[in-house]
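Reading through the structure tokens given below for one structure.
Per chain, numbering begins at 1; letters A, B, ... match sequence-line order.
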There are 2 protein chains.
Amino acid sequence: MEARPDLAAMMGPIGRTLVAMELPILREHELSMWGYAVLSSLDDQPVHTQAALAEAINADKTRLIAVLDDLQSAGLIERRPAPGDRRARVLTITPEGRRLRNAVQAAIRVEEERLLEVLPPDQRAVFVDALRRLSAASKP
Amino acid sequence: MEARPDLAAMMGPIGRTLVAMELPILREHELSMWGYAVLSSLDDQPVHTQAALAEAINADKTRLIAVLDDLQSAGLIERRPAPGDRRARVLTITPEGRRLRNAVQAAIRVEEERLLEVLPPDQRAVFVDALRRLSAASKP
DNA sequence: TATTGTTATACTCTATAACTATA
DNA sequence: TATAGTTATAGAGTATAACAATA
């Protein structure tokens, strides 16, 4: 067993660097971190209840409400009553929301690739693929 | 440019899984997350001011004080006045502190390796090495 | 004047409980 | 009775400001 720092001890600084890199980009687009998470989640497919969205992005459903209010009043998402259940709200991203989300993600991607440049070229794809596998296995 | 989730979006769930895995181990040894971070930092070498320790583990110096009080009264660290500067305190880990730290880290390592089993064997070392490079580059 | 450790205070984020309207 | 969304409240964690001792 080789000596190395704990995984969490290594991931902490990387995570802080990623957040510090994203915050200016988000602020430039007048979007909060949670707002961006919501847009990213809705970009894949519409969600049929706010509770489901909260669980999908690991947020508290009570905390999401102000976020959704802001996104809706900014015209980035739509909150329509669900056809079958008048309690629920169907959440969809608007074309403008998708445009904004794509712009933000593209800017973030540029910075991410810059960070990944500290890795030997043949390690980069392996690292990203490993992250994908581990995050998929960490869903619960 | 291949499509993939943001790095932060993938690291979030992994980080939560790691924390959820560590908490029971820490509780079993009656150690807080910050206490473990302090012991791990001091295990490498003594630190000559509390402020330096705070910066090393990315903590607020005011928040560290209660943590150090607990560790000291548990006999896991020593806080001695610095020879040259009577304001400062030299922080050292005790033999018992080192024993505890090693036990906790060994238990964490077992669980980490179990998580890494979702990766193809030839990806594991690459992933850990990439984490090490990225965290080293994320120090500021 | 600046720094070390400390205490006290304020603030942010998050979770808990309670309410309404539907089912 | 249970669930979706909402609101209001309480709690944990964190940062900010101010202090005494020393440099």
Are Arg63(A) and dT14(C) close enough that a side-chain N or O sits under 4.0 Å from OP1 or OP2?
yes
Keeping Ser73(B) on the side-chain end and Asp70(B) on the backbone end, is there a donor-acceptor pair under 3.5 Å?
yes
N/O (side chain, Trp34(A)) to phosphate O (OP1/OP2, dT12(C)) under 4.0 Å:
no
Please report, rounded to the nearest Å, how far the C1' atom of dG5(D) is from the CG atom of Leu68(A).
10 Å
Using a cut-off of 6.0 Å, state whether more than 12 heavy atoms not belonging to Glu113(A) lie near its atom CD.
yes
So, is Arg79(A) close to the dT6(D) phosphate, meaning a side-chain N or O under 4.0 Å from OP1 or OP2?
yes
Please tell me which of the listed nucleotides, dA21(C), dG5(D), dT16(C), lies nearest to the side chain of Ala88(A)?
dG5(D)
Roughly, in whole Å, what's the span from CD1 in Ile65(A) to P in dA4(D)?
13 Å
If we ignore hydrogens and angles and just use 3.5 Å, is the side chain of Arg124(A) paired with the main-chain N or O of Leu119(A) as donor and acceptor?
yes
Within the structure, does a side-chain N or O atom of Arg86(B) lie under 4.0 Å from either OP1 or OP2 of dA23(D)?
yes
Keeping Ser41(A) on the side-chain end and Ile57(A) on the backbone end, is there a donor-acceptor pair under 3.5 Å?
no
Please name the pair of heavy atoms, one in Val128(B) and one in Leu7(A), separated by the smallest distance, quoted to 0.1 Å.
CG2-CD2, 4.4 Å
Arg80(B) atom CZ is separated from dG5(C) atom P, nearest whole Å, by 14 Å
Rounded to whole Å, how long is the line connecting atom CG of Asp60(A) with atom P of dA4(D)?
14 Å
Which nucleotide in dA23(D), dA4(D), dA17(D) has an atom nearest any side-chain atom of Asp85(B):
dA23(D)
Thr49(A) side chain: which of dG5(D), dG5(C), dT16(D) is closest?
dG5(D)
Output the rounded distance in Å from CE (Met33(A)) to P (dT12(C)).
17 Å
Which whole-number value in Å describes the distance from Lys61(B) NZ to dT4(C) P?
7 Å
Please report, rounded to the nearest Å, how far the C1' atom of dG5(C) is from the NE2 atom of His48(B).
17 Å
Among the candidates dA15(C), dT6(C), dA23(D), find the nucleotide nearest to the side-chain atoms of Thr62(A).
dA15(C)
Could you state the CZ-P distance from Arg87(A) to dT1(D), rounded to the nearest angstrom?
16 Å
